[in-house]
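A quick write-up on the structure given underneath.
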Amino acid sequence: MEEAAWAHSVSVGITHELQSQLNRIMAVYQHQMRYLASCYLNDQLLIGTWIGKQTGRCLRDRHTQIIRVRDAKTVFSATTTFVCIDLQTHQPKAIPNEFIEPYQT
């Protein structure tokens with residue numbers, strides 16, 4: 001989940017450098033995970049992630065789904081709520097537009 005989420009963020013231009021420049025980072029606030037079916041050695045899996053709703057100024061959901069290719073069965077799904085925090089104080093802060101707009105194109 002973490003690698004897919006980070007790859008998605010980087011693909012739209014949200015990098016470590018941008019996070020440092022803005023003094024903001026999205027940190028995990030809560031995970032809701034559902035294990036729905038088994039996977040086996042050599043199973044091909046399709047992993048998808050997308051941005052969900054924003055709650056208030058600081059919280060944003062991200063969804064993850066893993067599908068077993070051979071039968072198109074969803075084997076795992078999750079919703080992670082992230083909180084935007086100040087890198088120095090670790091206090092919640094409003095999500096900057098630079099973390100919102102890239103996902104809207």
When you compare the side chain of [Y] with that of [X], does any pair of heavy atoms fall below 4.5 Å?
X	Y	answer
R24	D86	yes
M1	H31	yes
D61	T81	yes
H63	T49	no
I51	H8	yes
F76	I47	no
L59	F82	no

Measure across [X] and [Y] and return the closest heavy-atom pair with its distance rounded to 0.1 Å.
X	Y	answer
S38	V75	O-CG1, 4.0 Å
Q104	I100	NE2-CG2, 3.4 Å
C84	A94	SG-O, 3.7 Å

Let me confirm one number: the [atom1]-[atom2] distance from [X] to [Y], rounded to the nearest 0.5 Å.
X	Y	atom1	atom2	answer
L87	K93	CG	NZ	11.5 Å
R70	N42	CZ	CG	11.0 Å
E101	I14	CD	CD1	10.5 Å
L22	I95	CG	CD1	12.5 Å

Heavy atoms of other groups near R34 CZ, more than 12 under 6.0 Å: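 More than 12 heavy atoms, drawn from other residues, nucleotides or ligands, come within 6.0 Å of this atom.
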Y29, OH: over 12 other non-hydrogen atoms inside 6.0 angstrom: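 Check fails, neighbour count at 12 or below.
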Whichever hydrophobic residues join I67 through chains of side-chain contacts under 4.5 Å: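 Direct or chained contacts put I67 with L46, V69.
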Side-chain H-bond candidate by donor/acceptor type, Y103 with R62, under 3.5 Å: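 Y103 vs R62: donor-acceptor pair found between side chains.
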Within one Ile-Leu-Val-Met-Phe-Trp-Tyr cluster: V83 and I25, side-chain cutoff 4.5 Å: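 The answer is yes; both residues are in one hydrophobic cluster.
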Test ring pair (Phe, Tyr, Trp, His ring centres under 6.0 Å) applied to H16 - qualifying residues, sequence neighbours left out: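 In terms of ring pair (Phe, Tyr, Trp, His ring centres under 6.0 Å), with neighbours along the sequence ignored, H16 is linked to W6.
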Exam field: side chain Q54 to backbone G56, donor-acceptor pair closer than 3.5 Å: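 Yes, because the side chain of Q54 sits within donor-acceptor range (under 3.5 Å) of the backbone of G56.
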Exam field: side chain R57 to backbone P92, donor-acceptor pair closer than 3.5 Å: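 Such a contact is absent between R57 side chain and P92 backbone.
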Stepwise side-chain contact (heavy atoms from CB on, under 4.5 Å) check, T55 with R60: CA-CA 6 Å; T55 305; R60 184 112 195 222; over 6 Å; no
